[in-house]
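We name chains A, B, ... by the order of the sequence lines, and we start the count at 1 in each one.
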Amino acid sequence: MGGLFEDVEDEIYREKRVLKEGHQPEKILERDAEIEEYKHALTDALFGRSPDNIFLFGKAGVGKTAVTNYVLSELQAEAQRRDTADPIHVTKVNCNNQSVYSTVRHLVNSLRPSDASSFPKKGPSTADAFEELYARMDELGGTHLFVLDEIDHLSDPDPLLYEFPRARANGHIDRAKVGLIGISNNYTFRNTLSSKVKSTLMEHEISFSTYDASELQTILSDRAQRAFIDGIDVETAISACAAFAAKDDGSARQAIDLLREAADVAQKNGSTMVTADHVETVREEVNRGQLRDKIDDQTLHAQLVLEAVARQQRADSKPVRTTRVQDRYEAVANAWGYDHLTSLKSIQNHLDDLHMLGFLIRSDENKGQQGGRSYRWEVDMTVETLIEAREEIEQQTPSID
DNA sequence: GATCCACAGGAAATAGTGGCTT
DNA sequence: AAGCCACTATTTCCTGTGGATC
C-alpha cells in the first residue's frame, strides 16, 4: 500500500526557488549601465568620504531592489577587503504605509545591538527618535547607507529627507557619515518633493527603464537554466513570456511569474516541454492575480472609489467626472454593505491617490459657464478585469475585523 | 473684460486609535 | 488614571482656476 504522495516526483524542477518572488539572483543581467552609475555614486564611501545620495526610479520589477542588494553587498565586501576603509553599515527600510517616525524608529532598532530593547512604538516625539538615531550612528561610526524602499509611500517625507543629508553639517552627528538611497516606482513622486530637498537629495538619479523582449529573454534563459532539470524544453515558452511581458509592463517579475505558472501547468500535464500554449493558458490568471494584489493593497475606500470609476466608466463608456464618481461610489459602498464617505473632498483625495499610483488616468475638461472646470477619470486597465478583481476581493474577505 | 460655473486645491480642524510616562 | 504624543483618515472651510459666455 503506497502513500498518497508516493508517486509524486519533481519531474521538471532542479531549483524552483529561482523562479519565486524574492529570489535574489547572484548576477544581474541587462543592467550594466545602471550598476556602473550606482558604483560610481558610491565610491566615496570606500575612501571615508560622505557618499552621495542616490535616488532610483523605475517601475516595479525592473531590478531596482535586486541591483541595490547586489551593489551594496559588493561594496561592503570591498570595504572589508581594504581594511583601511571605514566600516560601511547598510540598513534597509521599507517605507510602505509608514510614517517618518516609524521609519526612523525602524532604523534605530536596526542599529541597536540585538539584545537591547526596541525603541518605543509610540510616545516619544519624532525629534526624540532622530536624536536616538544620531546617537546610535555616531556610536557605530563609519559610513551609514540607508536604503529607503518605496519611499513614495511615506506620508510627508520632506522632514526626513531634509534632515538626514544635513545631519553632519548641523552637528547632530560627528563621527559617522550618511548616505541615503531612495527607491521609488512612482515618477510623479519626484515632483511632490520640495525643491530644497530635490537639490540635495537627488545628487544621483538612476532611472531604470523597463525591459524589452530581448532583455527579458536573456534573463529568463538564465533563470530557466538553473530552475529546470536538463532535458526540459522551455525555449518557446521563454519567448512567449518575454514577448508578452515586454508588451505589457516590461517587468521581469511578470515574465518570471508567467514562466513558473506555465511550467506548473506543463508539469501537471506530464509534459517535458513548456510551450507558448501553456503560457497562454496562465496569462489571464497571472494578470488577474497581480492586479488583485495591487488593488488589495489599497484601503477599503480607495478600492471602492476605484471600483466606482470602473463601473461608471462601463455604464457611460467615457471618462467620468468627479461628482459622478461620488454618486457611483456611494451606490457601490452601499451595495457591499459599507458606510460611505460623505464629502466630495474625500473622493477627490482618493482619486488623486489612485492617480498617483497609476490606477487612473486623469484629463481636464472645462466647459466654461456650461459646466465649469473638472477632471475626468478613467481606469488605466481593463474595466472588466478590475471589476472582477474587486468582486474576488469582496468574496475572500466577507468580514472586516 | 467682467462674470460665472463646477469644481480643484490647500490649510487646518476634527475624530479615533493606541501607547508612553508619571 | 491623566496627560502627552504620534498617526491616519476624514471633513470643513477657504481661495483659486480657466475657458465659455455675456
Pairwise 5' ranking along DNA chain B for A:Lys345 and A:Gln369, keeping only the more 5' one: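 By nearest-heavy-atom nucleotide position, the 5'-most residue is A:Gln369.
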
Flag if over 12 foreign heavy atoms under 6.0 Å of [atom1], [X]:
X: A:Gln298; atom1: CD; result: yes
X: A:Glu365; atom1: CD; result: yes
X: A:Arg324; atom1: CZ; result: no

DNA chain C-proximal residues of residues 327-337 of chain A, any heavy atom under 4.0 Å: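 Going residue by residue through residues 327-337 of chain A, none turns out to have a heavy atom under 4.0 Å of DNA chain C.
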
Give the rounded distance in Å between these two atoms: [atom1] of [X] and [atom2] of [N].
X: A:Ile347; N: C:dA9; atom1: CD1; atom2: P; value: 14 Å
X: A:Glu365; N: B:dC5; atom1: CD; atom2: P; value: 18 Å
X: A:Asp364; N: C:dA20; atom1: CG; atom2: C1'; value: 15 Å
X: A:Arg324; N: B:dA6; atom1: CZ; atom2: P; value: 15 Å
X: A:Asp352; N: B:dA11; atom1: CG; atom2: P; value: 14 Å
X: A:Asp339; N: C:dT11; atom1: CG; atom2: C1'; value: 15 Å
X: A:Gln370; N: C:dT21; atom1: CD; atom2: C1'; value: 7 Å
X: A:Phe130; N: C:dC5; atom1: CZ; atom2: P; value: 18 Å

What's the closest nucleotide to the [X] side chain, out of [options]?
X: A:Leu344; options: B:dC7, C:dT11, C:dT21; result: B:dC7
X: A:Arg362; options: B:dG9, C:dT21, C:dT10; result: B:dG9
X: A:Asn366; options: C:dT11, B:dC7, C:dG18; result: C:dG18

Does [X] make a side-chain N or O approach to OP1 or OP2 of [N] shorter than 4.0 Å?
X: A:Arg373; N: B:dC5; answer: no
X: A:His350; N: C:dA9; answer: no
X: A:Tyr375; N: B:dG9; answer: yes
X: A:Thr299; N: C:dT8; answer: no
X: A:Ser343; N: C:dT11; answer: yes
X: A:His301; N: C:dA9; answer: no
X: A:Thr322; N: B:dC7; answer: no

Touch class at under 4.0 angstrom, heavy-atom based, for A:Asn349 against every strand present: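 The residue A:Asn349 makes base contact.
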
Short N-O contact, A:Lys177 and A:Asp44, less than 4.0 angstrom: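 A:Asp44 and A:Lys177: not salt-bridged.
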
Residue among A:Ile181, A:Ile54, A:Ile35 satisfying side chain to side chain contact (heavy atoms under 4.5 Å, CB included) with A:Val71: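 Of the listed options, the one satisfying the test is A:Ile35.
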
Sole candidate of A:Asp257, A:Ile256, A:Asp249 that passes side chain to side chain contact (heavy atoms under 4.5 Å, CB included) when paired with A:Arg253: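 For A:Arg253, the side chain to side chain contact (heavy atoms under 4.5 Å, CB included) test succeeds with only one of A:Asp257, A:Ile256, A:Asp249, which is A:Asp257.
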
N/O donor-acceptor pair, side chain A:Lys367 with base C:dG18, under 3.5 angstrom: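 Checked by distance alone, the answer is no.
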
4.5 Å side-chain heavy-atom contact, A:Val305 and A:Ile347: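 Result yes, sub-4.5 Å side-chain heavy-atom pair found.
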
Within residues 223-242 of chain A or reaching into it, pairs that qualify as ring pair (Phe, Tyr, Trp, His ring centres under 6.0 Å) - sequence neighbours excluded: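 Applying ring pair (Phe, Tyr, Trp, His ring centres under 6.0 Å) to every pair that reaches into residues 223-242 of chain A, excluding sequence neighbours, yields A:Tyr13-A:Phe228.
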
